[in-house]
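Hydrogens, waters and symmetry mates play no part in the numbers below; they use all other heavy atoms, side chains included. Within every chain, numbering begins at 1; the chains are lettered A, B, ... in the order of the sequence lines, protein sequences first and strands thereafter. These figures come from a predicted structure and were not determined experimentally.
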2 protein chains.
Amino acid sequence: MSTAIHMLDAAERFCTERGLSLTPMRRRVLELLVEAGGPVKAYDLLSALKPGGAAQPPTVYRALDFLTRAGLAHKVEALNAYTACLNGHDEDDPCTGSAELFICESCGNVDERHMHRAPTDAPEGFVITRSVVEHYGQCVRCAN
Amino acid sequence: MSTAIHMLDAAERFCTERGLSLTPMRRRVLELLVEAGGPVKAYDLLSALKPGGAAQPPTVYRALDFLTRAGLAHKVEALNAYTACLNGHDEDDPCTGSAELFICESCGNVDERHMHRAPTDAPEGFVITRSVVEHYGQCVRCAN
DNA sequence: TCACGTTGCGTAATGTCATAACGTCACCCC
DNA sequence: GGGGTGACGTTATGACATTACGCAACGTGA
Ligand SMILES: [Zn+2]
Ligand SMILES: [Zn+2]
Ligand SMILES: [Zn+2]
Ligand SMILES: [Zn+2]
């Protein structure tokens, strides 16, 4: 799929521009996430990495840690899973902050928005450093 | 604390009105959550239950399942923890849907809002059945 | 060129979170 | 009193994640 290749190339540029090293292992994990096109469990990534060297949990968790810190991937908290960031990192709009995820429970597809707006009804004086926003339901294809 | 007693009484009424049985075990777990005043881990609840009978994981997870289904408690997904619902269940405003949580990372205090509004930028045709919204940061007391 | 700090990753062990599966008892309804 | 249901005890296991240690590669300055 050309989209996947494009996303990996964009990630490559994204990292070189920022002095981050997208090592083969990290690139491979990102590739698996992109190919999956939705949330993937860490141990499933682990299984996918196996045929090519017996990988252990820390291997994949270290890669995921790098990718999520860099903004190239997101953890889906309510699923204990991980998904590739869908925002174009080659554009002038890096996904530095929190993402708002729309996850279809039927087909597993994920859509993503940047969290630009702050909550209108936050407690007085509350300073937000990180937000987790995940919406579950049916995408337009799966809604009957 | 009178607030805690009030919340438990309100939960009692809430359950009787709906034909739900707030058993001693469930009430005890809710009591622990209310007393904690913030997110509590399942195994910490387990430890707190021990002196009075050796409790096993399924015991506390069943109680939490009941409480969360009833809307009397919420799971804090990003912390793998659970917190008592702060909305007054004796009022005409049950916390049936999703809650928006503001969690102070310094003092552990939790504030809660009902999720009334839908996202303005959801994908076309996406039908939301459940939302997870958790904001992390500093409450007004802890912000320096 | 060599010592030294840093980074990435292999490996083993462990820790943390959650559920499956089965049995028992109390209760309600007919 | 037979049968269904719901709540909970108990044992075991599964699923998710981290700690700790070691080593090899790399850059940097002496
Ligand atoms: Zn993103
Ligand atoms: Zn779908
Ligand atoms: Zn609530
Ligand atoms: Zn605080």
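- Across the helix from C:dT1-D:dA30 to C:dC30-D:dG1, the helix axis at one end is tilted relative to the axis at the other end by 20° (nearest 10 degrees, each axis from five pairs).
- Side-chain N/O atoms of B:H135 and A:S131 include a donor and acceptor closer than 3.5 Å.
- A:R13 has no carboxylate O lying under 4.0 Å from a charged side-chain N of A:D9, or vice versa, which leaves the two without a salt bridge.
- Protein atom CG of A:D65 is 12 Å distant from nucleotide atom P of D:dA17, rounded to whole Å.
- The interatomic distance linking B:R26 (CZ) with D:dG6 (P) rounds to 11 Å, in whole Å.
- Atom pair A:R28:CZ and C:dC9:C1' shows a separation of 14 Å (rounding to whole Å applied).
- With contacts defined as side-chain heavy-atom distances shorter than 4.5 Å, the pair A:K75/A:N80 qualifies.
- With sequence neighbours left out, the side-chain contact (heavy atoms from CB on, under 4.5 Å) criterion links B:R113 to A:D121, A:P123, B:E100, B:F102, B:D111.
- Regarding contacts with the backbone of C:dC9, a side-chain N or O of A:T23 is found under 4.0 angstrom from either OP1 or OP2.
- For the pair A:V40/A:Y82, no side-chain contact is recorded, criterion being any heavy-atom separation below 4.5 Å from C-beta on.
- In terms of the side-chain contact (heavy atoms from CB on, under 4.5 Å) criterion, A:S47 has no residue partners (sequence neighbours excluded).
- Interatomic distance, B:L33 CG to B:L30 CG, rounded to the nearest 0.5 Å: 6.0 Å.
- Whole-Å rounding puts the A:L64 CG to C:dG8 C1' distance at 15 Å.
- Using a 4.5 Å heavy-atom threshold, the side chains of B:I5 and B:V34 count as separate.
- Cluster membership for A:V76 and A:L67, using ILVMFWY side-chain heavy atoms within less than 4.5 angstrom, is not shared.
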Atom pairs, protein N/O to nucleotides 28-30 of chain C N/O, distance under 3.5 Å:
none

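- We find that CG of A:L45 is positioned 14 Å from C1' of D:dA15, with the value rounded to whole Å.
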> Which nucleotides of nucleotides 10-26 of chain C have their base under 4.0 Å from a protein heavy atom (B), which only their sugar-phosphate (S), and which neither (-), written as one string 5' to 3'?
Replying inline: BBB----BBBB------
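- If you take CG of A:L67 and C1' of C:dC9, they are 15 Å apart, rounded to a whole angstrom.
- Between C:dG8 and A:S21, a contact under 4.0 Å exists linking OP1 or OP2 to a side-chain N or O.
- Note on B:L101 and B:I128: separate hydrophobic clusters, where clusters join Ile, Leu, Val, Met, Phe, Trp and Tyr whose side-chain heavy atoms are under 4.5 Å apart, directly or indirectly.
- Taking the salt bridge (charged side-chain N to carboxylate O under 4.0 Å, His left out) definition, one finds that A:E105 meets it with nothing, sequence neighbours left out.
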